[in-house]
Asks: 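Next up is a structure, given as structure tokens.
Both ligands and their constituent atoms are indexed starting at 1 by order of listing.
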Amino acid sequence: MKEIILLKYGEIALKGANKSTFEATLAKQIKYRMRKYGSFEIKRAQSTVNVIPLNDECDIDGAYEACKKIFGIVRVNRAVACEKTVEDIIKTVKECCGDMLEGCKTFKIEAKRADKRFPLTSPQICDECGGAVLEALPGIKVDVRDPDGVIRVEIRDEEAYIHPNQEKGAGGMPVGTNGKALLLLSGGIDSPVAGHMICKRGVKLEALHFESYPYTSQRALDKVGALAELLSEYNGRTVMHVINVKEIQEVLRDSCDEDYFTLLLRRFMMRLAQRCAQQFGCNALVTGESIGQVASQTMDALCVTDIVCDIPVFRPCIGLDKEEIVEISRRIDTYDTSVLPYEDCCTVFTPRHPRTRPELAKVIAQEERIDVEQLLERAYATMYTYEKQDI
Ligand code: ATP
Ligand code: MG
């Protein structure tokens, strides 16, 4: 039996003149994501994409799971392809209905004819195929209103496809159709979720992590590297830049009032992130803040940190409760990695009583005690691209 994967696009089907650019980007994404699972042909046909294995070595189970994570696709479907003859369709339905209707007491057939020249009408196809199932699976009954299982028969231009219920795809827009942004990726729960939400809208992400080595460890960095890799399943290869902010933190500790540490550090992070974004062609920053979650995320604190940036800062978690963020992180499989208990640069030199209602003038007065420009230069010079260490 020849199995293939059928993918249905979402919003891009509604695009006008530039639809073909969206389709081409999506096809490129699919091709890239499939390479781990063998050789596949990616064929576009009537607002679906067919992913066709080219030989028996292809891992179709792996490919199917990966397809569920490709943005731009609303439905995924595993189908058996057969010749467009009544005989072959009936034979194939008989062969695969046992698997497709496993555990079902009732079923129905749904038929769709994209090729109107096919000799049977849709109701006739349903009758013929329904009869074939009743023959193959004694005891099963037809229920067109509320069946336990459905088998769909689609007559396309080149061949026919038989498939069970479709599953939900990842939705959103194909990655790369909406520009590039820089995700500030910590080891926590929120920032991978924020990245996922923005990436879903077609924005390609690069990541930036601030470490405080040697106060923070290689293990802690590798955990963030692992999160970037998990995001790659949606985003494609995710390059992660790393900047060391240890010196900034030491200078803040030695020269500024303790209750301002976190805020001042966040202003440094945003300035460095903006510089990094400009260098790598990213037009916005993405962070995982949610109003009021911690002291540095009160509205006043966010205003004080936001003001150092000239490019947009997207904060998709801003109105979500922690519980809602956790739910998403479980769904996208980043949760278990996020909760590994390693230190983060923000947990080094944490103030006992952080400011929750900072005044900008006072924050600026704190910065006047130190050489902000020089610290930025020196921190920026530590930037490198993360590579996974082979242990
Ligand atoms: P998260 O769960 O994402 O770590 P958080 O609740 O711990 O978030 P903060 O530590 O205040 O919040 O960080 C707010 C945001 O700032 C993070 O979501 C992330 O985007 C960014 N950020 C914080 N620490 C770092 C870091 N070490 N490297 C890169 N970005 C960071
Ligand atoms: Mg954090």
Asks: Between E343 and S217, do the side chains contain an N or O donor and an N or O acceptor separated by less than 3.5 Å?
Replies: yes

Asks: Any idea which part of E211 is under 4.0 Å from ligand 1, heavy-atom wise: side chain, backbone, both or neither?
Replies: neither

Asks: In terms of atom number and element, which parts of ligand 1 are under 4.0 angstrom from non-hydrogen atoms of H209?
Replies: 26 (C), 27 (N), 28 (N), 29 (C)

Asks: Charged N to carboxylate O under 4.0 angstrom, K43 versus E159?
Replies: no

Asks: For the pair R355 (side chain) and F261 (backbone), establish whether a donor and an acceptor sit closer than 3.5 Å, ignoring hydrogens and angles.
Replies: no

Asks: Among E343, Q297, M269, R315, whose heavy atom sits nearest atom 11 (O) of ligand 1?
Replies: Q297

Asks: As an exercise, identify every atom of ligand 1 less than 4.0 angstrom from a heavy atom of S296.
Replies: 11 (O)

Asks: Any N or O of F210 that comes nearer than 3.5 Å to an N or O of ligand 1?
Replies: yes

Asks: Would you confirm whether the ring centroid of H209 sits within less than 6.0 angstrom of the ring centroid of Y386?
Replies: no

Asks: Under 4.0 Å from a heavy atom of G288: give me the atoms of ligand 1 that qualify, with their elements.
Replies: 17 (C), 18 (O), 20 (O)

Asks: Going by heavy atoms in the side chains, are Y161 and N77 under 4.5 Å from each other?
Replies: no

Asks: Geometry only, no angles: is R266 polar-contacting ligand 1 at N/O separations under 3.5 Å?
Replies: yes

Asks: At less than 4.0 angstrom from any non-hydrogen atom of L208, what atoms of ligand 1 do you find?
Replies: 29 (C)

Asks: Is any side-chain heavy atom of Q166 closer than 4.5 Å to one of L6?
Replies: no

Asks: For ligand 1, which part of L185 has a heavy atom less than 4.0 Å away: the side chain, the backbone, both, or neither?
Replies: backbone

Asks: Is the closest N or O pair between L184 and ligand 1 shorter than 3.5 Å?
Replies: yes

Asks: Can you say whether the rings of F71 and H196 are parallel (under 30°), tilted (30 to 60°) or perpendicular (over 60°)?
Replies: perpendicular

Asks: Does Q293 reach the main-chain N or O of K322 with its side chain, forming a donor-acceptor pair under 3.5 Å?
Replies: no

Asks: Is the NZ or CZ atom of R275 positioned over Y380's six-membered ring, under 6.0 angstrom from the centre and within 45° of the axis?
Replies: yes

Asks: Any N/O of K322 closer than 3.5 Å to an N/O of ligand 1?
Replies: no

Asks: Any idea which atoms of ligand 1 are less than 4.0 Å away from a heavy-atom of T287?
Replies: 20 (O)

Asks: Would you say N50's side chain and I52's backbone share a donor-acceptor pair under 3.5 angstrom?
Replies: no

Asks: Looking only at N/O atoms, are G187 and ligand 1 under 3.5 Å apart anywhere?
Replies: no

Asks: Using a 4.0 Å cutoff against the non-hydrogen atoms of Q293, which atoms of ligand 1 qualify?
Replies: 6 (O)

Asks: Short list, please: which atoms of ligand 1 are under 4.0 Å from a heavy atom of E289?
Replies: 14 (C)

